[in-house]
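One structure below.
Whatever order the structure lists ligands and atoms in, that order sets their numbers, starting from 1. Note that the structure is predicted; figures quoted are calculated from it, not measured. Below, each value reflects all heavy atoms present in this structure, side chains not excepted, and no hydrogens, waters or symmetry copies.
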Amino acid sequence: MTTTVPDDFLFGTATASYQIEGAVNEGGRCPSIWDTFSHTGHTLNGDTGDVACDSYHRWREDLDLLADLGVDAYRFSVAMPRIMPVDGGKPNPEGLDFYERIVDGLLERGIRPVVTLYHWDLPQYLGDRGGWLNRDTAYRVAEYAGVVARLLGDRVHTYTTLNEPWCSSYLSYGGTEHAPGMGEGPKSFPAVHHLNLAHGLMCQAVRGQVGDGAELSITLNLQMARGDADAVHRTDLIANRVFLDPILRGYYPDELFAATRDLCDWSFIQDGDLNVIHQPIDVLGLNYYSTNRVAMSDRPQFPQPVCATTYPGCGDIDWLPTEGPHTEMGWNIDPEGLYDLLVRVWDEYRVPLAVTENGMACPDEVEMDDDGAEIVHDGDRIDYLKGHMEAAGRAMRCGVDLRGYFVWSLLDNFEWAFGYSKRFGIVRVNYETLQRTPKDSFTWYRDVIRTRRLV
Ligand code: GCO
């Protein structure tokens with residue numbers, strides 16, 4: 001069954017600055033923690049974002065692709081290293097101009113800008129002072145958010161404070177997968193709190209500039225676990241409610257303190273922090289790809305890439321192999337998980353939702369047409385998107401207030417620790433020529449958008 005969406009529903013695609021821009025030494029940009037991380041052997045094949053899709057230079061072409069696709073909105077991120085390249089210095093006009101051109105270029109094409117203010121590229125100078133372990137980072141990032149909002153104002157449809165704080169805390173300071181790759185398990189809890197604090201401060205800074213002229217949001221990648229109830233409950237507490245409850249309800253659950261008693265005293269929470277964190281937001285963004293399977297265990301094996309350090313406080317939980325089929329990332333395909341997630345968050349928190357990322361890495365095969373041009377028949381990606389849009393539509397029919405759906409990603413791009421080995425784009429990027437080629441999924445999505453139906 002298909003679901004017709006309201007006129008103001010946003011069909012879109014998403015990208016992030018470090019994954020697409022390249023030009024890392026241009027426009028007055030300073031290095032970020034991801035430049036350092038990728039240049040010091042932490043990514044597959046030593047890949048870096050130095051060139052990426054070169055969108056810094058090819059942004060007009062990318063915006064034309066979006067116009068051709070017919071999206072209502074484009075979710076992209078602003079790089080703090082371009083805006084605040086000097087520690088304690090003034091905003092960089094070249095960086096501001098770059099994003100202003102993108103926003104105006106989108107508006108000229110009738111596309112609403114959805115701006116993520118922080119998608120992981122923290123300036124290295126803040127990384128050098130402890131990054132998200134240092135409370136001061138939250139204030140510096142909020143100051144930067146105010147600078148961006150002052151410039152772009154209500155030309156932006158939605159400001160998203162943070163993308164996936166789970167990744168910028170647990171995966172970065174608990175685990176070793178993301179920059180700075182500290183790998184110290186429970187030492188990531190202060191990063192969790194400082195990211196929550198940054199969200200609240202950023203909301204205040206943006207509202208202070210734009211009032212009600214733009215929507216405010218945050219994007220979370222909630223971990224959808226299936227399996228034995230106690231294990232599901234605990235992983236939900238550590239990975240999800242640690243963000244949802246302070247942001248949307250103004251408190252950390254007592255259970256969280258009980259479950260982590262031996263690991264952390266949470267003394268970094270200061271008086272008044274929770275009031276700052278608990279700001280009204282207009283929409284909650286959710287990124288969804290797959291589900292996990294967990295069980296309580298005396299001898300956890302952690303057979304999956306999820307390791308103990310990434311889930312501090314879950315040392316007695318095992319991550320079990322998931323049922324197939326799996327994507328090229330090894331993630332299981334479970335559209336029902338998206339339905340469950342949307343219904344659960346709506347039922348419990350009653351906040352309008354948007355799917356801000358959903359998509360699939362495929363081993364795309366490149367063929368040549370009669371004129372020697374590249375073509376990609378990515379039927380698997382179309383099936384994936386279809387299944388998930390259907391699930392999202394079903395959630396809407398069950399009463400979930402869903403405001404938008406964004407495909408990850410417009411372009412093949414730098415997939416963090418996996419470098420260029422994984423392709424999520426509905427547009428192929430040839431990394432030698434940087435040529436863009438819409439895949440079959442692009443044409444398919446264009447048709448979906450035209451019908452204004454969730455398949
Ligand atoms: C994330 C990020 C994206 C990723 C995408 C695929 O969710 O990790 O927002 O930057 O590239 O999710 O892994």
Side-chain angles (χ1 to χ4, degrees), residues 12-22 32-34 37-38 42-44 47-49 52-53 55 74-80 114-122 158 160-172 174-175 177-179 181 195 199 217-224 239-240 243 284-292 304-306 310 326-334 337-338 341 354-364 381 384-385 388 404-427 429 441:
T13 63
T15 61
S17 46
Y18 190 67
Q19 296 183 273
I20 65 163
E21 284 178 5
S32 76
I33 56 173
W34 267 96
F37 194 67
S38 62
H42 297 280
T43 58
L44 196 67
D47 288 346
T48 71
C53 310
S55 287
Y74 177 46
R75 174 177 182 255
F76 65 99
S77 79
V78 171
M80 184 172 172
V114 172
V115 170
T116 304
L117 291 161
Y118 181 74
H119 201 128
W120 311 346
D121 39 4
L122 191 72
T158 307
T160 302
T161 56
L162 307 172
N163 176 69
E164 303 191 356
W166 182 88
C167 292
S168 6
S169 54
Y170 292 125
L171 210 54
S172 305
E177 289 87 342
H178 278 196
L195 280 150
H199 161 74
S217 75
I218 180 169
T219 278
L220 302 177
N221 59 325
L222 300 178
Q223 304 294 310
M224 279 301 285
N240 302 334
F243 300 108
L284 173 67
L286 299 175
N287 292 350
Y288 176 84
Y289 292 92
S290 62
T291 48
N292 296 316
Q304 289 209 15
V306 182
T310 311
H326 294 94
T327 71
E328 220 202 350
M329 297 295 285
W331 301 344
N332 68 329
I333 301 179
D334 185 358
L338 176 59
L341 172 69
V355 176
T356 38
E357 282 180 29
N358 178 236
M360 178 185 185
C362 301
D364 293 333
R381 183 173 287 110
Y384 179 98
L385 295 173
H388 288 77
Y405 174 90
F406 292 74
V407 171
W408 183 270
S409 177
L410 173 67
L411 303 169
D412 290 339
N413 59 45
F414 174 77
E415 179 54 27
W416 307 111
F418 296 91
Y420 297 99
S421 67
K422 308 289 183 218
R423 292 177 177 269
F424 275 89
I426 56 174
V427 174
V429 175
S441 55

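For ligand 1, the polar-atom distance check finds an N/O of His119 within less than 3.5 Å of one of the ligand's N/O atoms.
In this structure, the separation between CD on Glu164 and CD on Glu357 is 5.5 Å, given to the nearest 0.5 Å. Going from atom CG of Asn240 over to atom CG of Asn221 covers 8.5 Å, rounded to the nearest 0.5 Å.
Using a 4.0 Å cutoff on heavy atoms, Trp331 counts as a contact of ligand 1. At least one heavy atom of Trp120 sits less than 4.0 Å from an atom of ligand 1.
Looking from atom 10 (O) of ligand 1 to the surrounding protein, the closest heavy atom is Gln19 OE1, 2.6 Å. Tyr289 OH, 3.2 Å is the protein heavy atom nearest to atom 5 (C) of ligand 1. The closest protein non-hydrogen atom to atom 7 (O) of ligand 1 is Glu164 OE2, 2.2 Å.
Looking at Asn221 against ligand 1, nothing comes within 4.0 Å, counting heavy atoms.
Among Lys422, Glu415, Glu357, the residue whose heavy atom lies closest to atom 3 (C) of ligand 1 is Glu357.
Screening Thr356, Thr160, Ile218, Thr219 for a side chain to side chain contact (heavy atoms under 4.5 Å, CB included) with Leu284, the sole residue that qualifies is Ile218. When each of Leu338, Leu222, Asn358, Val355 is tested with Leu286 by the rule side chain to side chain contact (heavy atoms under 4.5 Å, CB included), just one qualifies, namely Leu222.
Closest non-hydrogen pair, Ser409 versus Ala14, comes out as OG-O, 2.8 Å.
The atoms of ligand 1 that sit less than 4.0 Å from any heavy atom of Phe424 are 6 (C), 13 (O). Distances below 4.0 Å separate heavy atoms of Asn163 from the following atoms of ligand 1: 2 (C), 9 (O). For ligand 1, the atoms closer than 4.0 angstrom to any heavy atom of Trp416 are 3 (C), 4 (C), 10 (O), 11 (O).
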Please report the C-alpha distance between Arg423 and Glu328 in whole Å, then the side-chain angles of each, then the deciding distance to 0.1 Å, and finally whether the salt bridge (Lys or Arg N to Asp or Glu O under 4.0 Å) criterion is met. CA-CA 9 Å; Arg423 292 177 177 269; Glu328 220 202 350; over 6 Å; no
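Checking Ser38 against Tyr18 by side-chain atom types alone, a donor-acceptor pair falls below 3.5 Å. When only modelled atom types and interatomic distance are considered, Thr116 and Asn163 share no side-chain donor-acceptor pair under 3.5 Å.
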